[in-house]
There are 2 protein chains.
Amino acid sequence: MTKTATKPVPRKPDYEKALRKAGIRITRPRKIILNILGETEDHPDALEIFRRAEQIDKSISLSTVYRTMKLLEEMGAIHRHAFEGGPSRFEQAGGDHHDHLIDMDTGDVIEFRSDRIEQLQQEIARQLGYDIVHHRLELYGRRRKD
Amino acid sequence: MTKTATKPVPRKPDYEKALRKAGIRITRPRKIILNILGETEDHPDALEIFRRAEQIDKSISLSTVYRTMKLLEEMGAIHRHAFEGGPSRFEQAGGDHHDHLIDMDTGDVIEFRSDRIEQLQQEIARQLGYDIVHHRLELYGRRRKD
DNA sequence: TAATCTTTTGCAACTGAGTGTCATCTGGCA
DNA sequence: TGCCAGATGACACTCAGTTGCAAAAGATTA
Ligand SMILES: [Zn+2]
Ligand SMILES: [Zn+2]
Ligand SMILES: [Zn+2]
Ligand SMILES: [Zn+2]
């Protein structure tokens, strides 16, 4: 069997110093949110992050979660995924690039990476006269029952 | 030079009889919207379809456009594309499957098709134990200036 | 053709995700 | 500890899309 796709390895970079270096204050809500994102293995949405943050600090507000996600996205510290039929979901950046397969029954997100597909995308864009800035590849499927 | 991607050919099926067969009434707004979708070569959003429809019948409402897009989507007569940072955009179904490259400067949508990528997606899903129901591949780029 | 019976429409009120405003609060620094 | 620009919580607002409802209009039959 040929190995078409590899499972990307997890990562856990420290963004606090990056924020500090960019002149951005390390506040209590931001610390909490960064910790949540650093710990999790899944792709939570803003509301889910808010709920997890509430457990730690009851006074945190949903607006702050939204604002922080936006800030972190602009800094390149996280990636935003707008999977279909739902709110944006987030994950820490800093790991290897990967794409996603979404389990339509459970909502689970499975990560994969295909160098061959990445390469083909480049070729296609070049032939069309374009440079790719970024891309989105999402497979929506159901567990094969055999 | 190897041909990595081909440009899909356009098509113009007649959905009125399909609607009728499904027991769905062919109303004036639906006729107009179907004609607009049948004529256009681009990927308009609901508001744009509404504006084009208004030219033909001043009394049409935006809700009806939204409702009709939903209906046609459920029937499989059109495809909805939620490109990033904007409202859903639509196109008639019935042609060959293709994916999209979005020009980030102009918003233009360029269609392409890569059998190799389609095939790799299948292999990846199979290896992960899934059947693909559908997928989304969007390249976001800028015209190469050389 | 008109009567009838649904389905569909236009309108307006509503929803959900996210953004903007602003008075108050606080992290970083002296 | 005091200062103050930047950050926060609360809440009003936007935007895309949905929903409820009375009136209108397809399809079907007489
Ligand atoms: Zn990729
Ligand atoms: Zn991921
Ligand atoms: Zn495809
Ligand atoms: Zn298309």
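Sequence lines set the chain letters: A, B, ... in the order given, protein chains first and strands last, and positions in each chain run from 1. Quick caveat: nothing in here was measured; it's all calculated off a predicted structure.
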With respect to the side chain of [X], which nucleotide from [options] is positioned closest?
X     : options                : result
A:R80 : D:dG9, C:dG18, C:dC11  : C:dG18
A:P87 : D:dG17, C:dT8, C:dG18  : C:dG18
B:S59 : C:dG28, D:dT18, C:dG10 : C:dG10
A:I24 : C:dG10, D:dA7, D:dA27  : D:dA7
B:T64 : C:dT9, C:dT6, D:dA7    : C:dT9
A:T27 : D:dA27, D:dT8, C:dG20  : D:dT8

Margin query: Would you say the rings of A:H100 and A:F83 are close, in the sense that their centroids are separated by under 6.0 Å?
Written below: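 Close enough - the centres of the two rings lie under 6.0 Å apart.
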Check: So how far is it from B:S88 OG to B:L47 CG, rounded to the nearest 0.5 Å?
Finding: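 The OG atom of B:S88 sits 12.5 Å away from the CG atom of B:L47.
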Checklist line | Reported CD-to-CZ distance for the pair A:E48 and A:R52, which is rounded to 0.5 angstrom | finding: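 Answer rounded to 0.5 Å: 4.0 Å.
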Margin query: Could you check whether B:D105 pairs with B:R142 (Lys NZ or Arg NE/NH1/NH2 to Asp/Glu carboxylate O, under 4.0 Å)?
Written below: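 Looking at B:D105 and B:R142, the cut-off is met.
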Notebook entry, point to check: So, are B:D131 and A:R144 salt-bridged, with charged N and O less than 4.0 Å apart?
Noted result: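 Yes, charged N to carboxylate O under 4.0 Å.
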Check: Which heavy-atom pair separates A:F112 from A:L101 by the least distance, and what is that distance?
Finding: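 Taking A:F112 first and A:L101 second, the nearest heavy atoms are CE2-N, 3.8 Å.
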Check: If every non-hydrogen atom of B:L62 is compared with every non-hydrogen atom of B:A46, which pair is closest and at what distance?
Finding: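 Distance-wise, the nearest heavy atoms are CD1-O, 4.2 Å.
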With a 4.0 Å limit, can you tell me whether [X] has a side-chain N or O closer than that to the phosphate oxygens OP1/OP2 of [N]?
X     : N      : answer
B:Y66 : D:dT18 : no
B:R30 : C:dT8  : yes
B:S63 : D:dT19 : no
B:R67 : D:dG17 : no

I need the [atom1]-[atom2] distance between [X] and [N], as an integer number of Å.
X     : N      : atom1 : atom2 : value
B:K58 : C:dT9  : NZ    : P     : 18 Å
A:E74 : C:dT19 : CD    : P     : 9 Å
A:R89 : C:dG18 : CZ    : P     : 12 Å
B:K31 : D:dA25 : NZ    : P     : 14 Å
A:L62 : C:dG20 : CG    : P     : 15 Å
B:M69 : D:dA16 : CE    : P     : 15 Å
B:L34 : C:dT8  : CG    : C1'   : 15 Å
A:H81 : C:dA17 : NE2   : P     : 18 Å

Extract all donor-acceptor atom pairs below 3.5 Å that involve side chains of residues 24-36 of chain B and protein atoms in other chains or at least two apart in sequence.
from: B:T27; atom 1: OG1; to: B:R30; atom 2: N; distance (Å): 3.4
from: B:R28; atom 1: NE; to: B:D57; atom 2: OD2; distance (Å): 3.2
from: B:R30; atom 1: NH1; to: B:R25; atom 2: O; distance (Å): 2.8

Next item on the list: Between B:R28 and B:S88, name the one whose nearest nucleotide on DNA chain D is closer to the 5' end.
Entry: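 The residue mapped nearer the 5' terminus is B:S88.
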Item checked: Contact residues, residues 45-54 of chain B to DNA chain C [heavy atom, < 4.0 Å] ->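 Residues of residues 45-54 of chain B under 4.0 Å from DNA chain C: none.
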